[in-house]
Amino acid sequence: MNRVMTEQELLDSFEDAVKDGHIYVLYQPKINHSTGRMIGAEALMRWSNPEYGMQYPSDFIPVLEKNDLIYRADLAVFESVCRFQRGCLDNGIKPVPISVNMSRYDIYRKKYVEKIEELRIKYDIPVKYIHVEITETSAIGGMELVSGVLKQLHEYGYIVEMDDFGSGYSSLNVLKDLSVDVIKLDMRFLSGNIGGRGGTIISAIVQMAKWLGTPIIAEGVETMEQADYMKSIGCKYIQGYLYSKPVSEKEFLEKMQQLGHEPMTPAMALITAIDAGKFWDPSSMETLIFNNFVGGAVIFSYQKGKQCAHAA
Ligand code: C2E
Ligand code: CA
Ligand code: CA
C-alpha cells in the first residue's frame with residue numbers, strides 16, 4: 001500500500017531504513033544554459049519504505065529534524081555521494097561536483113563537519129567534487145554559529161552554496177555576513193510574471209551576485225522562457241525540471257555522458273570593472289549602476305516585508 005507514513009511509523013522504521021539503504025539519493029543536474037553542458041548536480045534524499053512506498057522529503061525531513069535524527073540521514077546521503085564519486089573515479093569517469101544539503105539542525109551539531117570530512121577522506125574524494133548547500137534559514141540559530149561552520153567548511157576546502165536565497169526574511173543581511181561561494185536563487189519564491197515585479201527583483205539579485213563576484217544558479221526553472229530570461233539578465237546556470245527532474249544514479253551517469261560537463265566559472269566581479277572613485281559624481285555610469293543596484297535591493301526587502309505582512 002503506497003501512502004504517506006505517519007510520524008510514528010517513520011520513527012519506528014528509521015533505524016532499518018538507514019541500515020538497509022532505504023534512504024537513498026537522486027541526482028538533479030545543474031546546467032549551463034548557454035552551452036547545454038552540466039556544471040554539477042544536487043543530491044536529493046529519498047526514502048523508500050518496503051511497505052508504504054516512496055516517501056518525499058517534505059513529509060519525512062521535518063519529522064527527522066524534530067526528532068534530532070536528520071544528521072544521521074544527512075550523513076547517509078553524504079556517504080552515498082562519496083561512494084558514487086569513488087565509483088566514477090575508479091571507472092575513469094571524470095566526476096562532476098555534487099552538492100549535498102546540510103540541514104540547519106546539522107549546524108548545531110559540533111562534530112558534523114568533522115564527520116563529513118572523515119567520510120570524504122575515507123573514500124578519498126578530492127574536495128572540489130563535493131559542495132555543501134546551506135540555507136539562509138540556518139542563520140536563525142545565530143549568525144556566529146553558522147559563520148563558524150562556514151569557516152570550518154572553507155578551511156577544509158569545500159565550496160559552499162547558499163540555498164533558497166530570497167526565501168528568508170533577511171536574505172541581504174545573511175549574504176552580507178556569510179561569505180558563501182555560490183548563490184542559489186529559487187524561482188518559485190519569486191514566481192509570477194517575470195516581466196513584472198518578480199523579474200525586477202530577480203534581475204537585481206543577479207546584478208548583486210555579479211558585484212560580489214559570486215556565481216548564481218537559478219533553481220526551480222521549469223520553462224524555456226524562464227531559462228532564457230535568466231540567461232538574458234546574466235544568470236546562465238540553471239537547475240530545474242526544464243532540463244531534468246532528480247534521477248537515479250544510473251540515469252544520472254547516462255546524462256553525464258550525454259551532456260558532457262564543464263566547470264562553473266566565477267561571475268565577473270563588476271566591482272573590479274568599475275571605478276569606485278567616480279561614485280561621488282551623480283552623472284557617472286558608476287553612480288547610475290550603483291543606484292539601480294541599491295534600488296533593487298530596497299524593493300526586495302520591501303517585497304519580503306509585504307509577504308510577511310500577508311502571512312501574519
Ligand atoms: P531544495 O534543497 O531546495 O531542493 C530542491 C527541490 O526542488 C527538490 O525537491 C527538487 O526535486 C525540487 N525541484 C527541482 N527542480 C524543480 C522544478 O523545476 N520545479 C519544481 N516544482 N520543483 C523542483 P525535493 O527533492 O522534494 O526536496 C525538497 C527539500 O527537501 C529540499 O529543497 C531540501 O530542503 C530538502 N532535502 C532534500 N534532500 C535533502 C537532504 O539530503 N538533506 C537535507 N537536510 N534536506 C534535504
Ligand atoms: Ca538544496
Ligand atoms: Ca533550494
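In listed order, ligands and their atoms are each counted from 1.
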Could you tell me, atom by atom, which parts of ligand 1 come under 4.0 Å of a heavy atom of [X]?
| X | result |
| --- | --- |
| M45 | 37 (C), 38 (N), 39 (C), 40 (C), 41 (O), 42 (N) |
| P57 | 24 (P), 25 (O), 26 (O), 27 (O), 30 (O) |
| D164 | 3 (O) |
| V221 | 18 (O) |
| S103 | 44 (N) |
| Q28 | 14 (C), 15 (N) |
| P246 | 11 (O) |

Check whether any N, O or S atom of [X] sits under 3.0 Å from the Ca ion (ligand 2).
| X | result |
| --- | --- |
| T135 | no |
| E42 | yes |
| E133 | yes |

I'd like to check whether [X] has a polar contact with ligand 1, where a contact means an N/O of the residue lying under 3.5 Å from an N/O of the ligand.
| X | value |
| --- | --- |
| Q239 | no |
| D74 | yes |
| N101 | yes |

Review point. Can a cation-pi geometry be assigned to R86 and Y123, taking NZ or CZ under 6.0 Å from the six-membered ring centre and within 45° of the ring axis?
Key: no

Check your understanding: With a cut-off of under 6.0 Å to the ring centre and 45° to the axis, is K245 in cation-pi contact with Y241?
Key -> yes

Any protein heavy atom < 4.0 Å from [atom]:
| atom | value |
| --- | --- |
| atom 2 (O) of ligand 1 | yes |
| atom 33 (C) of ligand 1 | no |
| atom 9 (O) of ligand 1 | no |

Straight-line distance of [X] [atom1] to [Y] [atom2], nearest 0.5 Å:
| X | Y | atom1 | atom2 | answer |
| --- | --- | --- | --- | --- |
| Y52 | T6 | OH | OG1 | 7.5 Å |
| K19 | S13 | NZ | OG | 11.5 Å |
| I31 | K255 | CD1 | NZ | 8.0 Å |

Review point. Judged by non-hydrogen atoms, does S58 sit under 4.0 Å from ligand 1?
Key: no

Review point. Are any of the heavy atoms in E42 under 4.0 Å away from ligand 1?
Key: yes

Check your understanding: Around E7, counting heavy atoms of other residues, nucleotides and ligands shown, do more than 12 lie under 6.0 Å from its CD?
Key -> yes

**Study point:** Test log, rule ring-ring contact (aromatic ring centres under 6.0 Å, His included), inputs F14 and F60
**Key:** CA-CA 10 Å; F14 181 72; F60 67 81; 9.1 Å; no

Point to revise | Cluster check V77, V247: I/L/V/M/F/W/Y, side chain < 4.5 angstrom | key: yes

Before accepting this row, confirm whether a basic side-chain N of the pair [X]/[Y] lies closer than 4.0 Å to the acidic partner's carboxylate O.
| X | Y | result |
| --- | --- | --- |
| E161 | K30 | yes |
| E133 | K184 | yes |
| R109 | D74 | no |

Practice item. Please tell me if the side chains of L150 and H154 come closer than 4.5 Å, counting only heavy atoms from C-beta onward. Key: yes

**Study point:** Check: E249 and Y24 side chains under 4.5 Å, non-hydrogen atoms
**Key:** no

Can you pull out the closest protein heavy atom to [atom]? Residue, atom name and distance to 0.1 Å, please.
| atom | result |
| --- | --- |
| atom 37 (C) of ligand 1 | L44 CD2, 3.8 Å |
| atom 18 (O) of ligand 1 | Y241 N, 2.8 Å |
| atom 22 (N) of ligand 1 | R188 NH1, 2.9 Å |

Is ligand 1 under 4.0 Å from a heavy atom in the side chain of [X], in the backbone, in both, or in neither?
| X | answer |
| --- | --- |
| D106 | neither |
| V77 | side chain |
| I61 | side chain |

Practice item. Could you grab the angle centred on the Ca ion (ligand 3), going from OD1 in D164 to OE2 in E219, to 10°? Key: 110°

Revision key, fill the gap. On a heavy-atom basis, the closest approach of F165 and M162 is CD1-SD, 3.6 Å

Check your understanding: Name of the D163 N, O or S atom nearest the Ca ion (ligand 2)?
Key -> OD2

Check your understanding: Is Q55 reaching over with its side chain to a backbone N or O of G53, donor-acceptor style, under 3.5 angstrom?
Key -> yes

Review point. Do any of the N/O/S atoms of D186, backbone or side chain, fall under 3.0 Å from the Ca ion (ligand 3)?
Key: no

Review point. Any idea which of E133, E219, R46, E222 brings a heavy atom closest to atom 20 (C) of ligand 1?
Key: E222

Check your understanding: Mind checking whether F84 and Y27 have ring centres under 6.0 Å apart?
Key -> yes

